[in-house]
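Computation of the quantities below employed the complete heavy-atom set of this structure, encompassing side-chain atoms and omitting hydrogens, waters and symmetry-equivalent molecules. Residue numbering restarts at 1 for every chain, and letters A, B, ... go by the order of the sequence lines.
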2 protein chains.
Amino acid sequence: MSQIIEPVMRLINQFSKLPGIGYKTAQRLAFFVINLSDEEVEAFAKDLFYAKKKAVYCPVCGNLMQKGDSACAVCCDSTRDAACVCVVSDIKDVLAIEKTREYKGIYHVLHGVISPMDGIGPDDINITGLIDRIAQGGISEIILATNPDVQGTATAAYIAKTIRPLGVRVTRIAHGVPIGGDLEYTDEVTLMRAIEGRTEY
Amino acid sequence: MSQIIEPVMRLINQFSKLPGIGYKTAQRLAFFVINLSDEEVEAFAKDLFYAKKKAVYCPVCGNLMQKGDSACAVCCDSTRDAACVCVVSDIKDVLAIEKTREYKGIYHVLHGVISPMDGIGPDDINITGLIDRIAQGGISEIILATNPDVQGTATAAYIAKTIRPLGVRVTRIAHGVPIGGDLEYTDEVTLMRAIEGRTEY
């Protein structure tokens, strides 16, 4: 039996730990790395270190920022409306909303959602940070933009209940038929929400 | 506009270079790496280096082996039948055949297939190495086990034509209905090959 040699096996194991990468894909990636030049592998390893060393979370909103900065690019931008805070579960959601180029407020990243099944309670995500920000004043609206799935909806409901007594306006992003979508292929719940949330034309 | 900070962008670019990893997946992997501990990232970077440094190709058959060894585990194994050589296009194919635990011969890895569309001719893959091995004597059978796709079939045909004058038996792996497969859902070409290649029962 020819086993995979140990140095390659170790790299396969490293790739396997990454999310969404199964054993077969990890094997393919490892073989690809072996065929790279020494310089390319060195650059890859260096960039792993560099990203880990330089990327930290913004102390204000939890978005990514460079180590040494006082806050992230959004929080530092004086043209943004600091009175409007959009609450998202993940950094990826900040990027998705920024891509619209329309949102002018700032963010609050929870770094997770409440998920009792996975043992994640309200204290395990950054809700206290949000309450502190509201308590400091200057915020008039909180937009809850967690995903419209079970955990995201529960998290939004929990946050809404918690922060409503603090006197800020609490809103939730609209649910409905996506642009380019087709009524025939839209699920019943989405369609129901689209009708419930209808606006004057 | 909040852009992704440069250290993270660099890591995303590194992941994007890997085969089958698109931008969105690369972004997900980079964010995952940032959330790993310093030790985990260091171990990942080290294993990248280690695999690149230690994994080389066997001078005999082209399979993977540890640097410093004289040949790969299969070539060094005296219990294997060195008179029977299975020709495959890739190291992954060696692993696939080894998994059967039935094949007792040795290998020859071409590291590619003839593909004129991609500018890969017979001289760009390890065919001369195979001819040299046959010329050295001791080989009685060459099993062509390239993939049954256009390039794999063309490569097998080219090698067969080239080595037949050298006086070795040249065989091709069987094509037919896979075990557990269903005749109803088997394509016409496979079914035709299965009938053509029928054996006495």
Partners meeting side chain to side chain contact (heavy atoms under 4.5 Å, CB included) with Leu166(A) (sequence neighbours left out):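 Partners of Leu166(A) under the side chain to side chain contact (heavy atoms under 4.5 Å, CB included) test: Ile131(A), Ile134(A), Ile163(A).
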Check each atom of [X] against the heavy atoms of chain A and say whether the ones under 4.5 Å are side chain, backbone, both or neither.
| X | value |
| --- | --- |
| Asp38(B) | both |
| Thr100(B) | neither |
| Leu36(B) | backbone |

Qualifying side-chain hydrogen bond (donor to acceptor under 3.5 Å, both in side chains) pairs with a residue from residues 137-154 of chain B, counting only residues at least two apart or across chains: Glu141(B)-Arg169(B), Glu141(B)-Thr171(B), Thr146(B)-Arg172(B)
Validation row: Leu64(B), Ile34(A) side chains within 4.5 angstrom (heavy atoms): yes
Heavy-atom side-chain proximity of Ile91(A) to Ile4(B) below 4.5 angstrom: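 When only atoms from C-beta onward are counted, Ile4(B) and Ile91(A) do not touch, as no gap falls below 4.5 Å.
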Part of Gln66(A) within contact of chain B (heavy atom distance under 4.5 Å):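 Its backbone and side chain both get close to chain B.
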Proximity breakdown for Met65(A) and chain B, heavy-atom pairs closer than 4.5 Å: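 Looking at Met65(A), just its backbone touches chain B.
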Largest heavy-atom contact set with chain A, pairs under 4.5 Å, which of Lys104(B), Met9(B), Lys24(B), Arg28(B): Arg28(B)
Greater than 12 external heavy atoms within 6.0 Å of Glu196(B)'s CD: yes
Residue pairs involving residues 87-106 of chain B (criterion ring-ring contact (aromatic ring centres under 6.0 Å, His included); sequence neighbours excluded):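 The answer is Tyr103(B)-Tyr107(B).
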Nearest-0.5 Å distance, CZ of residue Phe15(B) to CD1 of residue Ile21(A):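 If we round to the nearest 0.5 Å, Phe15(B):CZ and Ile21(A):CD1 are 8.5 Å apart.
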Contact residues of residues 43-61 of chain B (partner chain A; heavy-atom separation under 4.5 angstrom):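 Ala43(B), Phe44(B), Ala45(B), Asp47(B), Leu48(B), Phe49(B), Tyr50(B), Ala51(B), Lys52(B), Lys54(B), Ala55(B), Tyr57(B) fall under the 4.5 Å cut-off.
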